[in-house]
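Report on one structure; see the data block that follows.
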There are 2 protein chains.
Amino acid sequence: MSRATVSRVVNGVTSVDENIRQTVERAISSTGYLPNLAARSLVTRRADAIALVLPSESRIVGDPFFTRIVRGVSTVLRPLGVHLVLMMTGADTGDQVVADLRQGRLDGVILVHTYQADPLPTLLLQSRQPVVLSARPAEPIPITYVDVNQTAGGALAAEHLVARGCTRVATITGSLDRPPGHDRLAGFRDAMAELGQPDVVSVEGNFTRESGAAAMEQLIAEYPDVDGVFIASDLMAEGALPVLRKHGRRVPDDMAVVGFDDSSAALSCDPPLTTVRQPVEDMAAEMARQLLRQIDRVDTPIRSVIFEPILVVRQSA
Amino acid sequence: MSRATVSRVVNGVTSVDENIRQTVERAISSTGYLPNLAARSLVTRRADAIALVLPSESRIVGDPFFTRIVRGVSTVLRPLGVHLVLMMTGADTGDQVVADLRQGRLDGVILVHTYQADPLPTLLLQSRQPVVLSARPAEPIPITYVDVNQTAGGALAAEHLVARGCTRVATITGSLDRPPGHDRLAGFRDAMAELGQPDVVSVEGNFTRESGAAAMEQLIAEYPDVDGVFIASDLMAEGALPVLRKHGRRVPDDMAVVGFDDSSAALSCDPPLTTVRQPVEDMAAEMARQLLRQIDRVDTPIRSVIFEPILVVRQSA
DNA sequence: TTGTAGGCGTTATCAG
DNA sequence: CTGATAACGCCTACAA
């Protein structure tokens with residue numbers, strides 16, 4: 001019996017005589033034969049591996065957020081036997097990734113939370129390599145990405161604060177020059193206006209714990225009558241809560257607090273945080289699917305997929 | 001000029017005429033030639049990729065701990081061009097990994113915090129595949145691992161509590177049937193005895209936040225005079241602190257608290273936690289080195305490498 | 001439906 | 001020091 005026939009059986013080609021197929025399969029399982037993937041890769045020109053590129057400095061890593069991404073991506077990749085190669089951005093990540101792609105070690109790339117000026121997206125785009133971003137890029141470039149509906153998230157927070165009776169509402173925003181910071185604020189503002197409270201106080205933070213604390217100090221000093229606040233990330237909320245406690249404000253009685261992300265911080269806060277949650281696993285799975293589609297056929301059209309967030313109600317609001 | 005010569009230049013073989021070498025290198029950089037790694041892999045029988053296997057349920061993932069491991073491993077792998085393939089344990093992880101190893105897609109495996117009954121270590125050992133564990137296995141099997149000196153960590157906590165004047169000291173332990181839980185307690189106890197306080201109260205937790213809270217409730221109820229406590233993980237400490245606050249105990253004035261891990265929890269606690277820190281990056285880098293050594297030559301002797309922890313003093317003690 | 005034969009892009013072995 | 005030449009293990013026309 002020839003190697004060709006065995007190859008056909010292994011790859012599930014239908015045009016194989018049933019008897020022969022069974023014989024081959026018996027032989028395979030009795031020998032414990034496994035095809036050598038390097039050899040296959042050489043001829044199929046597929047690495048069956050994709051890279052997940054993460055920002056190394058990030059507050060993102062070291063957060064369930066990241067785990068959830070890996071989990072979501074894996075659910076799609078694992079059944080297909082596609083490897084997930086992890087890379088934290090460093091000085092030469094860009095070249096490294098491009099080289100791996102060209103050397104046939106990688107079939108595509110998922111870029112998670114690239115920083116604003118990251119040249120990698122454009123680089124990959126130009127070399128026509130399969131790539132998916134985890135969020136809308138700051139600059140509008142023709143690239144496939146998956147994102148959460150940030151404005152809807154802000155609106156969710158607004159509705160909850162109003163529904164629970166807050167009459168003087170504020171927000172601590174993220175960096176306004178980044179899409180998430182900008183959009184969460186916009187969504188929150190618009191929703192508050194529609195709910196009849198157009199005068200929303202806002203203080204700008206930068207998504208760090210420290211900035212959350214500072215913003216809350218400022219808020220309390222300048223607007224002592226605020227009774228509800230939407231903080232655009234859990235991490236900032238984590239910084240803000242001790243400030244409230246220090247000033248004797250009880251949460252949620254004196255001040256209702258809604259966060260964003262549903263990160264680990266949300267649970268470890270005292271009290272646990274009511275927060276806007278992104279369906280990260282689903283989003284990650286979708287990123288994987290979009291990437292595989294691009295790998296499957298070049299010239300897959302650019303696409304962006306937006307997921308809806310939900311509000312997780314805990315005790316802070 | 002022959003492929004063979006080019007191959008020699010690419011692989012830096014010394015026995016090549018300097019003129020020819022330069023010509024080849026010029027040609028390479030002007031063409032932008034990159035060797036196909038699948039083809040190389042086929043003949044060298046190296047995948048230049050290793051797997052990092054993580055427990056999926058874990059509180060470990062979603063913690064800087066995990067990021068630090070990746071970073072440490074990457075510092076060793078990246079310069080060598082070795083890929084880091086991430087796998088979260090699932091139903092079939094074991095078979096998957098073994099298959100990948102045999103198919104030449106993976107050269108070795110780093111197993112992070114495997115659970116007690118995990119068959120994978122033994123499986124890999126039997127098939128003589130390169131493998132390194134991130135901690136001493138519960139059962140004494142002949143396998144290479146890297147660990148922190150857990151008992152020394154417990155002793156560090158003891159010394160600090162005594163040095164700051166605590167006279168009635170307790171500990172909330174981790175699961176005592178697991179090496180870290182057992183060893184941290186033993187190290188703490190022994191050190192306390194040497195410091196003249198042999199009567200250490202201990203309550204057993206199981207490393208979860210909830211168990212930390214419950215243990216602290218019990219501690220306060222049964223031993224109201226305790227003024228210092230070593231909690232065997234930051235996560236448990238995070239659960240315990242609100243309990244102390246609820247009972248009106250100030251930290252550190254009424255109760256000094258020392259944690260273990262220096263996880264994200266340590267920083268987000270109020271007050272920030274004094275805790276025992278493992279040199280995770282160094283340990284991870286060492287795991288990578290040990291693994292590469294095994295990959296380089298089979299029959300590398302089993303080895304265990306132990307790192308010393310340090311105490312990070314913040315405000316809880 | 002099956003087998004034959006060529007090729008995928010390297011590295012490694014040997015003569016020269 | 002260099003250049004043929006033979007693997008490496010698999011897939012895939014193409015022919016039978």
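What you see below is based on every heavy atom in this structure, not just the backbone, and it leaves out hydrogens, waters and symmetry mates. Numbered from 1 within each chain, the chains take letters A, B, ... in sequence-line order.
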NA contact type, [X], heavy-atom cut-off 4.0 Å: base, sugar-phosphate, or nothing?
| X | answer |
| --- | --- |
| A/Thr5 | sugar-phosphate |
| A/Leu37 | nothing |
| B/Arg45 | sugar-phosphate |
| A/Val16 | sugar-phosphate |

Salt bridge check: are B/Arg40 and B/Asp48 linked by an N-O gap of less than 4.0 Å? no
Any Lys/Arg nitrogen of A/Asp299 or A/Arg128 sitting under 4.0 Å from an Asp/Glu carboxylate oxygen of the other? yes
With a strict under 4.0 Å distance from non-hydrogen atoms of chain B, what nucleotide opens and what nucleotide closes the contacted stretch of DNA chain C, reading 5' to 3'? C/dG9 to C/dA12
Ignoring hydrogens and angles, state whether a donor on the side chain of B/Glu286 or B/Gln290 is under 3.5 Å from an acceptor on the partner side chain. yes
When you compare the side chains of B/Gln22 and B/Glu18, does any donor N or O come within less than 3.5 Å of an acceptor on the partner? yes
Under 4.0 Å from a heavy atom of chain A: give me the 5'-most and 3'-most nucleotides of DNA chain D that qualify. D/dG9 to D/dT12
Quick one: does any side-chain atom of A/Asn11 pair with a main-chain N or O of A/Val13 as donor and acceptor, under 3.5 Å? no
Whichever of B/Asp17 and B/Leu42 has its nearest DNA chain D nucleotide further upstream toward 5': B/Asp17
